[in-house]
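Okay, structure first, notes after.
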Amino acid sequence: LWQSGHAVNESTACPDCHSRLWTRREGAPTLNLRAGTLDETADIRPAAQFWTSSAQAWAVLPEAEVLTYPEQAADPAALRAAWRRLRAGQ
């Protein structure tokens, strides 16, 4: 657990390499999982990409493929809808 501003955040790290595996913000209904920590990623598809304004050009997906945010998403409603469509297989 750690505090960032006024929120308390929770995360778990790998005991061997100390990489964060997941993070949850206080009161958030979701968990932020680091996809790069998974052994099987063939079926994982992103719903969105964030902070593209500071990303390397080779790391940014075409905007037609996923929701794209130059920074953090101000309104998570579109993100939740995209995630639900992916989860439903649409």
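- Within 6.0 Å of atom CD in Q72, more than 12 heavy atoms from other residues, nucleotides or ligands are found, so the atom counts as buried in its surroundings.
- In the hydrophobic clustering, where aliphatic and aromatic side chains (Ile, Leu, Val, Met, Phe, Trp, Tyr) are joined below 4.5 Å either directly or transitively, V66 groups with L61.
- Of all heavy-atom pairs between A59 and Q49, the closest is O-OE1, 4.3 Å.
- With rounding to the nearest 0.5 angstrom, the CZ atom of R34 is 3.5 Å from the OG1 atom of T23.
- Of all heavy-atom pairs between L31 and W22, the closest is CD1-CE3, 2.8 Å.
- Checked against T41 for a side chain to side chain contact (heavy atoms under 4.5 Å, CB included), the options D43, L38, D39 give a single hit: L38.
- The two residues A82 and A47 come nearest to each other via the heavy atoms CB-O, 4.1 Å.
- Atoms CG and OG1, on L67 and T52 in that order, are 11.5 Å from each other to the nearest 0.5 Å.
- Under the 4.5 Å side-chain contact rule for hydrophobic residues, L79 and W51 share a cluster.
- In the hydrophobic cluster analysis, where Ile, Leu, Val, Met, Phe, Trp and Tyr join through side-chain heavy atoms closer than 4.5 angstrom, I44 is grouped together with L21.
- The two residues P46 and L86 have their closest heavy-atom pair at O-CD1, 3.3 Å.
- Residue P70 comes nearest to S53 through the heavy atom pair O-OG, 2.7 Å, listed as atom of the first residue, atom of the second, then distance.
- Remark: N9 CG to R24 CZ distance equals 11.0 Å, nearest 0.5 Å.
- The line from CG of D75 to CZ of R80 is 7.0 Å long, rounded to the nearest 0.5 Å.
- In this model, no donor atom of one side chain and acceptor atom of the other lie less than 3.5 Å apart for T37 and R20.
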